[in-house]
Structures are given as structure tokens and as C-alpha cells.
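For reference, the structure is listed below as C-alpha cells.
Just so it is clear, the model here is predicted, and its values are computed rather than measured.
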Number of protein chains: 2
Amino acid sequence: MKVKISTARKQEIIEGFYNLSKMNGLENTSIAKIGKHLDMPPSLIMHYFPTRDILISSLIEYILEQYLLIFEPITKELEEKKDIDLSIIVETLFSRNWNLLFDDGVFYSCYAMIFRNEQIKNDYRILHEKLRESLKEILDNNREMEGRDTTMLAEQIFVVVEGAYYYLSMIVDEASYNQKVDYFKKQVYDLLRKNDLRVL
Amino acid sequence: MKVKISTARKQEIIEGFYNLSKMNGLENTSIAKIGKHLDMPPSLIMHYFPTRDILISSLIEYILEQYLLIFEPITKELEEKKDIDLSIIVETLFSRNWNLLFDDGVFYSCYAMIFRNEQIKNDYRILHEKLRESLKEILDNNREMEGRDTTMLAEQIFVVVEGAYYYLSMIVDEASYNQKVDYFKKQVYDLLRKNDLRVL
DNA sequence: TTTTAAATTGAATACTCATTCAATAAAATA
DNA sequence: TATTTTATTGAATGAGTATTCAATTTAAAA
């Protein structure tokens with residue numbers, strides 16, 4: 001029980017940090033502001049997170065956890081059905097769930113830190129490897145994928161998904177947004193059925 | 001002449017801002033620090049860029065200009081040769097020129113701002129559209145591409161390139177870095193020669 | 001040369017920042 | 001219950017922040 005109150009507080013602080021960053025941007029979210037937001041003196045925040053760097057590391061940990069969660073529904077479904085229709089995967093990857101569950105502004109602000117912090121870079125890499133491994137497992141469980149290089153396939157599919165999310169975030173116009181999504185979905189479907197072509 | 005000195009100073013300030021951000025991160029680069037770096041009082045910086053927001057907007061303008069420059073060699077070569085081998089394009093897209101000419105940390109820090117600033121979002125979108133249009137033009141000038149939907153193709157190729165740069169930035173291990181690059185190059189080559197498959 | 005405008009300086013502003021500290025309150029352990 | 005550990009508070013620190021302003025130097029226009 002003693003440990004419970006401290007972890008709950010930590011969680012509360014991280015979530016407050018995340019929510020404020022969502023609104024004002026990570027770079028404009030100070031410890032004092034988090035304190036005001038949560039009705040808590042800044043010194044209490046520093047009690048649980050001794051330095052700002054530690055606080056940010058914890059935020060990133062939290063964000064990457066959340067990010068991984070988005071993929072969980074598919075993984076769950078796989079365990080039950082043992083053989084998922086591939087179109088469900090594609091549609092899920094391109095559904096806007098990611099954006100809704102998740103703030104891309106904070107995500108990319110944190111992402112930008114990988115270029116100056118090896119630890120953060122490593123955390124990000126591990127997350128992205130996990131996502132690819134999950135997809136590979138799902139593909140391996142599909143009979144249509146027999147004989148395919150599913151490691152490569154998972155890499156190639158995710159590179160489209162990640163490129164798409166990067167690029168689509170700039171597109172406001174709904175019509176062209178939808179058209180581009182169609183392009184990218186088609187691209188992934190082509191990847192999935194490409195084995196006819198392997199001779200080349 | 002009178003106007004020249006002011007534009008030169010502005011350029012100097014922006015470049016100082018960019019270079020410091022490269023080292024310390026955008027969020028840690030203050031006007032005072034830029035001033036110290038350039039041996040110039042902060043008030044002079046504020047004379048040319050009345051607010052920090054304006055300074056940041058100008059930095060982004062500068063960055064996007066640089067980004068566009070990377071593609072210029074290809075466009076130049078096109079104008080001369082009128083018919084470029086497609087492999088040159090692919091190799092150029094995946095060459096590490098981009099990273100060398102350019103700091104991804106600053107780029108993504110700025111990118112993260114598109115989620116809270118419509119103007120910046122718009123600037124980024126326009127840049128990315130330009131890149132796609134350049135590629136489309138190059139493809140259109142290639143006889144192998146006759147009858148192909150080069151608009152879609154340019155979108156699909158760039159989504160791979162952008163996804164790749166996003167993802168590869170996390171990869172330190174050289175062997176796996178190279179393997180992934182191979183995957184993505186192959187993916188683009190497949191896109192380029194895919195027309196055999198159009199029946200499906 | 002005189003006048004006018006732009007460039008540059010340095011000091012001062014009020015504010016926010018992360019962090020420290022000693023004191024108190026609450027809870028867990030003995 | 002008494003004691004020890006943990007949680008919480010509020011005030012204070014000094015350094016850093018963007019921005020303002022009046023004064024001065026430099027250069028262009030007349």
C-alpha cells in the first residue's frame with residue numbers, strides 16, 4: 001500500500017504533463033505549470049521526479065506505452081481467431097484511431113529528442129521493433145503468407161504506415177486526405193499480394 | 001545597399017539560430033544565447049525579428065528552403081539529360097546526403113509545431129507537395145513510365161522515403177541499417193516496375 | 001556638408017524557470 | 001501507542017527568459 005500512493009502520484013503527474021503538452025506544446029510546459037494544473041506545489045513534482053530530464057524520460061516511457069497499446073486490439077484478435085483477414089490489419093493500420101487516442105504533436109516533439117539523446121533513441125527503436133514483430137507474427141499466422149519473407153514485409157508495411165502518418169498530418173483538405181489514404185492502402189495491399197511477382 | 005545589410009544580418013541570425021539548435025536543441029536555444037554565439041546584443045536580434053515567434057517562423061522558412069535544395073541536383077540533371085535512369089533517382093533518394101546537409105533534430109522539432117500552428121503546417125505541406133511534383137515531372141519524362149499514374153507513384157515513393165528516414169534515424173547498428181535500406185530501396189524499385197501487375 | 005534614416009549598443013524590465021530547503025502533516029511500522 | 005518513514009507544503013534561490021527603451025554610432029540621401 002505504501003508504494004501505491006507514490007506510483008499513483010507519479011502517474012498523475014505524468015498524465016498532467018502529457019495533457020498540458022497536448023494543449024501548449026511540450027516546450028512550453030514547465031514544472032510550475034504542471035503544478036498549477038494539478039493543484040500541487042512544484043516541489044512535490046520534484047520530489048517524485050528529481051530533475052526535469054527524469055520527468056521527460058518518464059513522459060516518453062508513458063507515451064511509448066500508449067503507442068504500443070494501439071496495436072493491442074489486433075494482437076488480441078489474433079490470439080482468438082488464429083487467422084485474421086489481412087484487410088482488417090490494413091484498415092486498422094490506417095484507421096484514425098492512432099490520432100484520436102494519441103497526440104502527434106507531443107509524440108513528434110519527443111521523437112525529435114532521439115537525435116540528441118541515445119537513451120531516448122533506444123527507447124524509440126525498441127518500440128518500433130516491437131510493432132514490427134507483432135505484425136510479423138500476425139502475418140506468419142496467415143496461410144496466404146506462406147513462403148513469404150514476413151520480416152521484410154513487416155518492415156515495408158510499417159514504413160508506409162509511418163511515412164503516411166508523417167505526411168497526412170499536414171493535409172487538411174478532406175478530399176485529398178482521403179485520396180492519399182487510398183493510395184497508401186493500395187500500396188500496402190500490393191505489398192501483401194506481391195508474391196506473384198517474385199520472379200522478377 | 002541600405003537594404004542589403006539588414007537582409008545579411010537577418011540571414012546571419014537565422015543561421016546562428018539553426019547552428020545552435022543543431023547542437024543544443026531548438027527548445028534550448030534562446031535569443032540571448034544566439035546573441036552570445038554571434039557576439040551581438042539580444043536587442044539587435046529583436047530589432048530584426050520583433051518576437052520569438054517571428055524568429056521561429058523565419059527559421060522554419062530557412063529550413064524548408066534547405067530541404068528543397070537537396071532535390072535540386074536531380075532536377076538539374078533532368079533538365080540537361082531529359083531522360084534519367086530511374087535507379088539514379090532511387091539511389092539519390094536514399095543517399096545519406098539529406099542527413100549530412102541537414103539536421104534532422106531541428107527539422108523534426110519544427111515539424112512537431114505543425115500540430116499547433118496552421119501557418120507552419122501549411123508551409124510544410126507546400127514543401128512536401130513541391131517535392132512530389134518534382135518527382136512526378138521526372139517520372140513523366142521517363143519513357144518507361146508511359147501510361148502509369150505518376151501522381152500516385154510519386155506519392156507512394158515519397159511515403160516510403162519519408163517513412164524510411166523517420167525509422168532509420170533510430171537505427172544505430174550499421175548492419176541492420178543497411179539491410180533496412182535495402183528493403184526500402186527494393187520496395188521503391190518494385191513500385192517503379194509494378195505495371196505488369198496492374199490487372200489485379 | 002547637413003539632414004535623415006538605419007544599425008547597434010547596453011542597461012533595465014518584469015517574469016518564468018528548475019531546483020533547494022526546512023518545516024509540517026499523514027501514514028506505516030514497531 | 002511511540003517511532004520511523006513517506007507525503008506534502010510554502011517560501012526562497014539565482015539564473016535565464018523575451019522584450020523594451022533611450023542613447024549612440026554608422027551610413028545613406030539631400
Starting at atom [atom1] of [X], determine the distance to atom [atom2] of [N], rounded to an integer number of angstrom.
{"X": "A:Arg52", "N": "D:dT17", "atom1": "CZ", "atom2": "P", "answer": "13 Å"}
{"X": "A:Glu27", "N": "D:dT17", "atom1": "CD", "atom2": "P", "answer": "15 Å"}
{"X": "A:Met46", "N": "D:dA7", "atom1": "CE", "atom2": "C1'", "answer": "16 Å"}
{"X": "B:Ile13", "N": "C:dA7", "atom1": "CD1", "atom2": "C1'", "answer": "11 Å"}
{"X": "B:Ile54", "N": "D:dT19", "atom1": "CD1", "atom2": "C1'", "answer": "12 Å"}
{"X": "A:Asp39", "N": "D:dG10", "atom1": "CG", "atom2": "C1'", "answer": "13 Å"}
{"X": "A:Ile45", "N": "D:dA7", "atom1": "CD1", "atom2": "C1'", "answer": "14 Å"}
{"X": "A:Leu44", "N": "D:dA11", "atom1": "CG", "atom2": "P", "answer": "16 Å"}

Practice problem: Select base, sugar-phosphate, or nothing to describe what B:Ser30 touches, counting heavy atoms under 4.0 Å on all strands. | Solution: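 Sugar-phosphate contact only - B:Ser30 comes under 4.0 Å of backbone atoms but never of a base.
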* To do: Describe the nucleic acid contact of B:Phe49 in one word from base, sugar-phosphate, nothing, applying a heavy-atom distance below 4.0 Å.
  =>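 Nothing: the residue B:Phe49, judged by heavy atoms under 4.0 Å, touches no strand.
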d(A:Arg52 CZ, A:Ile31 CD1) to nearest 0.5 Å is 6.0 Å
Checking D:dT20, C:dC21, D:dT8 against the side chain of B:Ser43 (C-beta onward), the nearest is D:dT20
Checking C:dA7, C:dC17, D:dG10 against the side chain of B:Ser6 (C-beta onward), the nearest is C:dA7
May I ask you to test the A:Ile60-A:Met113 pair for a side-chain heavy-atom distance under 4.5 Å?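 In short, these two side chains touch, coming nearer than 4.5 Å.
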- Aromatic centroids of A:Tyr124 and A:Phe107 separated by under 6.0 Å: yes
Flag the pair A:Tyr111 / B:Tyr108 as yes when their ring centroid distance falls below 6.0 Å, and as no otherwise. yes
- Is B:Arg9 near enough to C:dT8 that one of its side-chain N or O atoms lies under 4.0 angstrom from OP1 or OP2? yes
Looking at B:Tyr48, I'd like to know whether one of its side-chain N or O atoms comes within less than 4.0 Å of OP1 or OP2 on C:dA6.
no
The residue among A:Asn117, A:Asp123, A:Asn122 that forms side chain to side chain donor-acceptor pair (under 3.5 Å) with A:Gln119 is A:Asp123
